[in-house]
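In what follows, a single structure is set out as structure tokens and then discussed.
Predicted model only: the values in this text are computed from it and were never measured. The residues of the chain are indexed from 1 along the displayed sequence.
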Amino acid sequence: MKKVVLKFGGSSLKNKDDLSKIFEVVRMYDRSFILVVSAVNGVTNSLIRALKVIKDIDIDEFLFDLYSIYQNFLDREYSDLKERVYQIRDLLMGAKLIGRVPDFVYDHVVSHGERCSSLLLSHYFNDHGLQCEEALPEQFGLLTDGRFKSASIDLYTSEKNLKDFFKDNKNYIVPGFYGIYEGEITILGRGGSDYSATSIAYCIDAERVDLYKDVSGFMTCDPKCVDGVQPVSRLTYDEAAELSYFGAKILHHSAVDPVKKKNIPLYIYNINSFRSIENPDTVISSSGSVTDEIIKSISFTDDIAIIQFKGPNVGRVPGLLGQIASNFGNEGINIKSVVTSQTSINVLISHQDIEKCRKITSKMKISEVENICYKEKISLIAAVGDGILKKHGVAARIFSAVSKQCINVQMISAGASDVTIYFLVDTRDRDNALRAIHKEFFGGERCENS
């Protein structure tokens with residue numbers, strides 16, 4: 001019988017009672033499992049804050065406070081857990097001594113909460129009669145491409161390592177969020193434990209992946225921005241991937257790819273309203289379900305900026321776009337999208353890469369480009385649903401709804417994906433645009449200018 005891969009996020013680990021809640025859920029599975037766990041709620045942010053003030057921090061006081069978090073979860077002390085917490089002391093001392101935090105130190109320290117969580121849960125499970133073994137990515141060989149802070153997992157090399165390591169009849173608890181490259185820890189970006197879980201599922205040919213969150217799966221929009229949102233019970237792999245790529249925070253942006261490659265179903269549960277394994281909040285699989293309204297969900301991101309390369313004929317110059325892309329690619333900049341015209345090449349990047357891009361473009365010598373402009377304070381809104389490009393009038397309804405709110409759409413892209421239409425608006429107009437589209441397709445809150 002194949003294993004299941006379970007993942008519990010940090011929001012499921014806020015206090016001592018959460019351990020018993022997780023334990024009761026896991027006991028319902030009638031087969032061996034690999035449980036991927038995130039850091040205890042708040043620990044990763046605490047580690048990041050410590051690194052930001054590394055020159056001034058009292059390291060022993062910080063580690064004492066960190067260990068006290070774990071003491072509150074268990075009824076007695078475990079010397080190995082205390083040793084685990086203090087394993088980063090030398091790295092912190094070294095960073096403090098040199099007055100900066102090298103990338104390899106950053107990734108090792110920021111991933112430390114996950115390693116402490118896996119040991120914490122292992123003790124709790126074994127103490128309560130559910131035998132399991134802690135296993136670390138450095139032991140079972142979950143390998144990455146080596147990119148610090150945002151690594152990708154090397155599925156093909158990792159697959160053999162994991163199949164050789166994990167035994168069919170044993171249960172394992174593993175820390176998520178990081179992998180290994182040439183002996184160094186490299187993290188997978190925020191929310192990376194989702195990606196760990198789906199990658200492990202790929203490597204061991206798991207039967208399913210169950211992700212436990214503190215929200216009820218995917219919704220028709222972010223409830224922080226729009227009232228009256230509704231749950232989305234089924235998504236295809238492509239729909240879920242596009243939503244997470246365009247800002248839906250419930251799922252790591254790379255988490256879908258590994259399970260899609262092997263057609264492994266992905267289930268999302270809200271642990272706070274969990275009823276049974278047979279009742280997930282959202283099912284993600286290859287089975288599509290085209291609804292009458294087509295649109296399944298609307299996501300957005302403010303982490304976006306446009307670089308405009310302007311010139312009379314830039315859209316007609318052979319190789320110019322490739323030249324621009326190479327300059328960014330060589331410096332590790334990810335281009336999110338490109339929209340071109342006769343007089344402008346528009347490159348969409350992450351907002352956090354702006355300063356790095358300014359340095360790159362300041363050195364570019366392209367005779368056809370007369371001016372380079374940066375546009376910030378914009379938001380990308382994506383409407384996602386299978387069949388969006390095939391059904392007549394869906395795009396018209398989206399932009400008619402936005403237009404009625406007197407919102408100026410700055411850029412539109414359709415066709416890059418079969419399931420997505422996205423556009424850019426001024427960030428000040430973002431919420432009103434989301435509410436207008438949601439009202440058009442799902443009903444709900446009255447828009448400001450309706």
Listed pairs under 3.5 Å, donor-acceptor, residues 197-205 side chains, sequence neighbours left out:
from: T198; atom 1: OG1; to: D194; atom 2: O; distance (Å): 3.4
from: T198; atom 1: OG1; to: Y195; atom 2: O; distance (Å): 3.2
from: T198; atom 1: OG1; to: A255; atom 2: O; distance (Å): 2.8
from: S199; atom 1: OG; to: Y195; atom 2: O; distance (Å): 2.8
from: D205; atom 1: OD1; to: K262; atom 2: NZ; distance (Å): 2.6
from: D205; atom 1: OD2; to: K163; atom 2: NZ; distance (Å): 2.9

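Taking 4.0 Å as the cut-off between side-chain N and carboxylate O, R435 and D227 do not count as a salt-bridged pair. Taking 4.0 Å as the cut-off between side-chain N and carboxylate O, R358 and E376 count as a salt-bridged pair. Comment: D426 engages R428 in a salt bridge, judged by a side-chain N to carboxylate O separation of less than 4.0 angstrom. Ion pairing between E331 and K356 fails under the 4.0 Å rule for side-chain N and carboxylate O.
Side-chain contact check for D302 and S379: at least one donor-acceptor pair (N or O, by modelled atom type) lies under 3.5 Å. With hydrogens and angles left out, the side-chain atoms of Q342 and N313 include a donor and acceptor closer than 3.5 Å. With hydrogens and angles left out, the side-chain atoms of S12 and D18 include no donor and acceptor closer than 3.5 Å. Using a 3.5 Å distance cut-off with no hydrogens or angles, the side chains of S286 and N263 do pair a donor with an acceptor. Between the side chains of D257 and S254, no donor-acceptor pair is found at a separation under 3.5 Å.
Note: I271 CD1 to K21 NZ = 6.0 Å, rounded to the nearest 0.5 Å. Annotation: the span from K310 atom NZ to I372 atom CD1 amounts to 11.5 Å, rounded to 0.5 Å. We find the NZ-CD1 distance between K391 and I295 to be 10.0 Å, quoted to the nearest 0.5 Å.
Legend: residues meeting side chain to side chain contact (heavy atoms under 4.5 Å, CB included) with Y245, ordered by chain and number and at least two apart, are K336. Evaluation of the ring pair (Phe, Tyr, Trp, His ring centres under 6.0 Å) rule for F399 yields F423 as partners, not counting sequence neighbours. Under the ring pair (Phe, Tyr, Trp, His ring centres under 6.0 Å) criterion, Y212 pairs with F8, Y269, F274, sequence neighbours left out. With sequence neighbours left out, the side-chain hydrogen bond (donor to acceptor under 3.5 Å, both in side chains) criterion links E24 to R27. Y178 pairs by the ring pair (Phe, Tyr, Trp, His ring centres under 6.0 Å) definition with nothing, not counting sequence neighbours.
Aromatic pair F166/Y172: centroids less than 6.0 angstrom apart.
The number of heavy atoms from other shown groups lying within 6.0 Å of CZ (R316) does not exceed 12.
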Step-by-step side chain to side chain contact (heavy atoms under 4.5 Å, CB included) determination, L130 to F33: CA-CA 11 Å; L130 185 52; F33 61 81; 4.2 Å; yes

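Here the side chain of D281 pairs a donor or acceptor atom with the backbone of N270 at under 3.5 angstrom. T220 places a side-chain N or O within 3.5 Å of a backbone atom of Q230 that can act as its donor or acceptor partner.
Of all the heavy atoms in S32 and K3, the pair that sits closest is OG-NZ, 3.2 Å.
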